[in-house]
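One structure is given here, and the rest of the page talks about it.
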Amino acid sequence: MPLEVHDLSVRFGDTVAVSLATFELAPGEVLAVVGPSGSGKSTLLRAIAGLELYTGSVRWGGQDLAAVPTHQRGFALMFQEGQLFTHLDVAANVAYGMRDRRTDAATARSAELLDLVGLHGFEKRRVTELSGGEQQRVALARALAASPRMLLLDEPLSSLDRELRERLALDLRQILTDTHTPAIMVTHDQDEAAVVADRVAVMDKGRILQLGTMTQLREHPASDRVARFLGSA
Ligand code: ADP
């Protein structure tokens, strides 16, 4: 398995934000992490990225990443909003994720990535002239620019209105499939999870209560808490 997370825990003082999380990700697999606010979803993602201190282990291809800093883990992060450079145009924002960003190859790759995210011809546009949905598409193109071995997405569509979110969720699924990029996506929206992810982990109070396909979770919830969350959310 590419990613193996074993007994991962994160504490903030007396708060146990994540408790003994264990799961694996198959090649190209997309996992959604759902659960109520404060259940530890973002902290789990940030720990895998190397942004939080944790106990337990995160392995990639069998290698323990304990001593590997965030920027060397080969993962790309994408958040809800506010991550584009407003003084750069769209192409420069996308190329920012690349090693040799001023070469012809980088220019060609920017154009290719913009095609992929549905923004053909947007290279010279100013970021400030884009809609929220377009900005998130640029952020996704930039996250993919470095050809990450995994994408970590924290509520990537949450700032968008419902209709746009549904459309982008479908596109996101297609893009992850086309690029065969494994991903973990935190979301509070279980419909979005069902569209984008192969499997879903339900978290509550720092623990993964159940992990399976959305169909498995809905038809065979392992506990009342899982059933209640999926029923109410
Ligand atoms: P979620 O993403 O599911 O909303 P979080 O991972 O953000 O949940 O938070 C999990 C728990 O950890 C919460 O109780 C939150 O208050 C706490 N927490 C998160 N980040 C910090 C931090 N930097 N310092 C202290 N407590 C934190």
Could you pull out all donor-acceptor pairs under 3.5 Å where a side-chain atom in residues 57-70 meets a protein atom, sequence neighbours excluded?
from: Arg59; atom 1: NH1; to: Gly62; atom 2: O; distance (Å): 2.9
from: Asp64; atom 1: OD1; to: Ala66; atom 2: N; distance (Å): 2.8
from: Thr70; atom 1: OG1; to: Ala49; atom 2: O; distance (Å): 3.1
from: Thr70; atom 1: OG1; to: Gly50; atom 2: O; distance (Å): 3.1

- Roughly how far, to the nearest 0.5 Å, is OG of Ser131 from CG of Asp161? 9.5 Å
- Note on the structure: Residues Pro221 and Val226: closest non-hydrogen pair is CB-CG1, 3.9 Å
- Item | Where Ser39 and Gly35 come nearest, the two heavy atoms and their spacing | OG-C, 3.7 Å
- Query: side-chain hydrogen bond (donor to acceptor under 3.5 Å, both in side chains) with Glu155: which of Gln80, His188, Lys41?
  - Reply: His188
- Message: Evaluate Val33 against Leu45 for side chain to side chain contact (heavy atoms under 4.5 Å, CB included), listing each step before the verdict.
- Response: CA-CA 9 Å; Val33 183; Leu45 199 76; 5.9 Å; no
- Item | side-chain contact (heavy atoms from CB on, under 4.5 Å), paired with Met185, selected from Leu176, Leu172, Val34 | Leu172
- Task: With rounding to the nearest 0.5 Å, note down the distance linking CG in Asp191 to CD in Glu166.
- Result: 7.5 Å
- Message: Between Asp189 and Arg162 (salt bridge meaning N to carboxylate O under 4.0 Å), is one present in this structure?
- Response: yes
- Shortest non-hydrogen separation from Glu192 to Thr187 and the atoms involved: OE2-OG1, 3.1 Å
- Item | Gln136 side chain vs Phe79 backbone, donor-acceptor pair below 3.5 Å | yes
- Item | Shared hydrophobic cluster, Val186 / Met203 (ILVMFWY, side-chain heavy atoms < 4.5 Å) | yes
- Single-linkage hydrophobic cluster Val138~Leu77, side-chain heavy atoms < 4.5 angstrom: no
- Hydrophobic cluster identity match, Val18 and Val202, side-chain contacts under 4.5 Å: no
- Message: Do Ile184 and Met1 sit in one hydrophobic cluster, given that two such residues count as connected whenever their side-chain heavy atoms are within less than 4.5 Å of each other, even indirectly?
- Response: no
- Given the options Gln174, Arg173, His180, Thr177 meets side-chain hydrogen bond (donor to acceptor under 3.5 Å, both in side chains) only with Arg173
- Message: If I compare all heavy atoms of Leu8 with all of Ala47, which pair ends up nearest, and what's the gap?
- Response: CD2-CB, 3.9 Å
Under 3.5 Å, side-chain donor or acceptor atoms of residues 205-213 against the rest of the protein: list the pairs with distances, not counting sequence neighbours.
from: Arg207; atom 1: NH2; to: Ser19; atom 2: OG; distance (Å): 3.4
from: Gln210; atom 1: OE1; to: Ala222; atom 2: N; distance (Å): 2.6
from: Gln210; atom 1: NE2; to: His220; atom 2: O; distance (Å): 3.1
from: Thr213; atom 1: OG1; to: Gln216; atom 2: N; distance (Å): 3.0

- Item | Side-chain touch Glu123/Val90, heavy atoms, less than 4.5 angstrom | no
- All heavy atoms of Val5 vs all of Ala21, minimum pair found to be CG1-O, 3.5 Å
- One should read off an interatomic distance between Thr55 OG1 and Arg11 CZ, to the nearest 0.5 angstrom, of 8.5 Å
- Do the side chain of Glu52 and the main chain of Arg46 share a donor and acceptor less than 3.5 angstrom apart? no
- Task: Sequence neighbours left out, what pairs pass ring-ring contact (aromatic ring centres under 6.0 Å, His included) with at least one residue falling in residues 4-55?
- Result: none
Donor-acceptor list for residues 140-153 side chains, cut-off 3.5 Å, not counting sequence neighbours:
from: Arg142; atom 1: NH1; to: Gln83; atom 2: O; distance (Å): 3.3
from: Arg142; atom 1: NH2; to: Gln83; atom 2: O; distance (Å): 2.6
from: Ser147; atom 1: OG; to: Arg109; atom 2: NH2; distance (Å): 3.3
from: Arg149; atom 1: NE; to: Arg73; atom 2: O; distance (Å): 2.8
from: Arg149; atom 1: NH2; to: Arg73; atom 2: O; distance (Å): 2.9

- Query: With a 4.5 Å limit on heavy-atom distance, are the side chains of Asp204 and Pro36 in contact?
  - Reply: yes
Identify each donor-acceptor pair in which a side-chain atom of residues 113-122 lies under 3.5 Å from a protein atom, sequence neighbours left out, and give them as a table.
from: Asp115; atom 1: OD1; to: His120; atom 2: ND1; distance (Å): 2.5

- Linking Ile, Leu, Val, Met, Phe, Trp and Tyr by side-chain heavy atoms under 4.5 Å, what else ends up with Leu164? Leu157, Leu160, Leu168
- CA sep, side-chain torsions, deciding dist, call: Asp171, Arg137, side chain to side chain contact (heavy atoms under 4.5 Å, CB included): CA-CA 10 Å; Asp171 287 355; Arg137 288 174 189 271; 2.9 Å; yes
- Message: Tell me whether Leu3 shares a hydrophobic cluster with Leu31, the cluster being built from Ile, Leu, Val, Met, Phe, Trp, Tyr side chains joined at under 4.5 Å.
- Response: yes
- Task: Kindly indicate whether the side chain of Val127, heavy atoms from C-beta on, has any atom under 4.5 Å from the side chain of Leu88.
- Result: no
- Message: Once rounded to the nearest 0.5 Å, what's the spacing between atom OG1 of Thr22 and atom CG of Leu20?
- Response: 6.5 Å
- Query: Between the main-chain N or O of Phe85 and the side-chain N or O of Asn93, is there a donor-acceptor pair closer than 3.5 Å?
  - Reply: yes
- Item | Minimum heavy-atom distance between Met214 and Ala193, given as atom pair plus value | CE-CB, 4.1 Å
